[in-house]
Amino acid sequence: MTTSAADSRERILRVVRSIPRGQVLGYGEVARRAGLPGRARLAARVLSENDDPKLPWHRVLRSDGRIALPAGSPGFDLQVARLRAEGVTVIEGRVRGARPAADLDELVWGPPR
DNA sequence: TGCCTGACAAATA
DNA sequence: GTATTTGCCAGGC
């Protein structure tokens with residue numbers, strides 16, 4: 001497959017969009033599940049360029065389980081607010097209580113489409 | 001065409 | 001637990 005940049009972007013969006021409420025995922029994990037291992041930065045770029053209000057980008061964190069955006073930024077505040085609204089505890093930019101989505105493979109590519 | 005930057009990850013100190 | 005370094009790839013200039 002050609003794996004064009006546009007396709008890669010769509011795949012990443014698809015994975016992020018399929019993250020269940022209350023669960024979180026890392027950029028590297030998202031990229032891997034999207035079929036793009038090692039393209040964590042691409043996932044970050046896609047989220048930064050995304051314009052879909054229905055996209056749960058706030059469920060995407062760094063590998064350390066920390067918020068990617070700089071504390072104090074509007075995006076940071078928004079992400080924290082949304083995570084807390086989903087039952088996720090966020091302390092000092094760190095996510096607590098949230099569990100890494102495991103069986104997303106079936107949730108994303110398995111079902112219906 | 002070539003260099004720099006970036007919502008990153010993993011390894012090391 | 002944090003701070004630093006290296007590697008990777010895509011986009012912008």
Side-chain angles (χ1 to χ4, degrees):
Chain A
M1 35 223 199
T2 46
T3 353
S4 302
D7 292 334
S8 303
R9 196 184 87 235
E10 268 190 70
R11 272 184 256 252
I12 292 170
L13 290 174
R14 161 90 83 131
V15 175
V16 175
R17 217 174 295 162
S18 302
I19 301 176
R21 173 182 173 284
Q23 291 190 324
V24 297
L25 213 63
Y27 287 95
E29 284 292 303
V30 172
R32 182 174 286 274
R33 291 181 188 282
L36 307 164
R39 275 64 172 173
R41 291 188 88 166
L42 180 62
R45 193 168 168 61
V46 170
L47 294 185
S48 65
E49 295 287 312
N50 90 77
D51 58 343
D52 189 338
K54 288 297 293 178
L55 185 72
W57 59 270
H58 55 270
R59 291 175 190 154
V60 185
L61 312 171
R62 281 172 65 167
S63 58
D64 294 350
R66 248 188 200 174
I67 306 295
L69 294 151
S73 249
F76 176 88
D77 186 39
L78 180 61
Q79 183 165 15
V80 173
R82 284 193 174 188
L83 286 173
R84 285 180 178 173
E86 296 186 353
V88 179
T89 306
V90 182
I91 303 174
E92 294 294 304
R94 302 183 223 157
V95 175
R96 292 284 192 176
R99 250 176 72 154
D103 47 345
L104 274 189
D105 311 314
E106 201 166 303
L107 187 62
V108 179
W109 308 108
R113 310 107 259 243

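A note on names: the letters A, B, ... follow the listed sequences, proteins ahead of strands, and every chain is numbered from 1. Please read these numbers as outputs of a predicted model, since none were measured by experiment.
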Side chain to side chain, Arg33(A) and Val108(A), heavy atoms closer than 4.5 Å: no
Using a cut-off of strictly less than 4.0 Å, decide whether Arg66(A) has a side-chain nitrogen or oxygen near OP1 or OP2 of dT2(C). yes
Between Arg62(A) and dG6(B), is there a contact of a side-chain N or O with OP1 or OP2 at under 4.0 Å? no
Provide, to the nearest angstrom, the distance between the [atom1] atom belonging to [X] and the [atom2] atom belonging to [N].
X: Arg82(A); N: dA7(B); atom1: CZ; atom2: P; result: 19 Å
X: Arg41(A); N: dC8(C); atom1: CZ; atom2: P; result: 13 Å
X: Leu25(A); N: dC8(B); atom1: CG; atom2: C1'; result: 14 Å
X: Leu13(A); N: dA7(B); atom1: CG; atom2: P; result: 17 Å
X: Arg39(A); N: dA7(B); atom1: CZ; atom2: P; result: 19 Å
X: Arg32(A); N: dC8(C); atom1: CZ; atom2: C1'; result: 13 Å
X: Glu49(A); N: dC9(C); atom1: CD; atom2: P; result: 20 Å
X: Asn50(A); N: dA7(B); atom1: CG; atom2: C1'; result: 10 Å

What nucleic acid atoms does [X] come within less than 4.0 Å of, heavy atoms only: base, sugar-phosphate, or nothing?
X: Gly38(A); result: nothing
X: Leu47(A); result: base
X: Arg94(A); result: sugar-phosphate

Looking at dA7(B), does its base get a donor-acceptor pair with the side chain of Tyr27(A) below 3.5 Å? yes
From dG11(C), dA7(B), dA9(B), pick the nucleotide closest to the side chain of Ser63(A)? dA9(B)
With the side chain defined as heavy atoms from C-beta on, Ala68(A) is closest, among dC9(C), dA9(B), dA7(B), to dA7(B)
Does any N or O in the side chain of [X] come within less than 3.5 Å of the main-chain N or O of [Y], such that one atom is a donor and the other an acceptor?
X: Glu29(A); Y: Ala102(A); answer: no
X: Arg45(A); Y: Ala43(A); answer: no
X: Gln23(A); Y: Arg99(A); answer: no

Between Arg59(A) and Leu83(A), the two heavy atoms sitting closest are CA-CD2, 4.3 Å
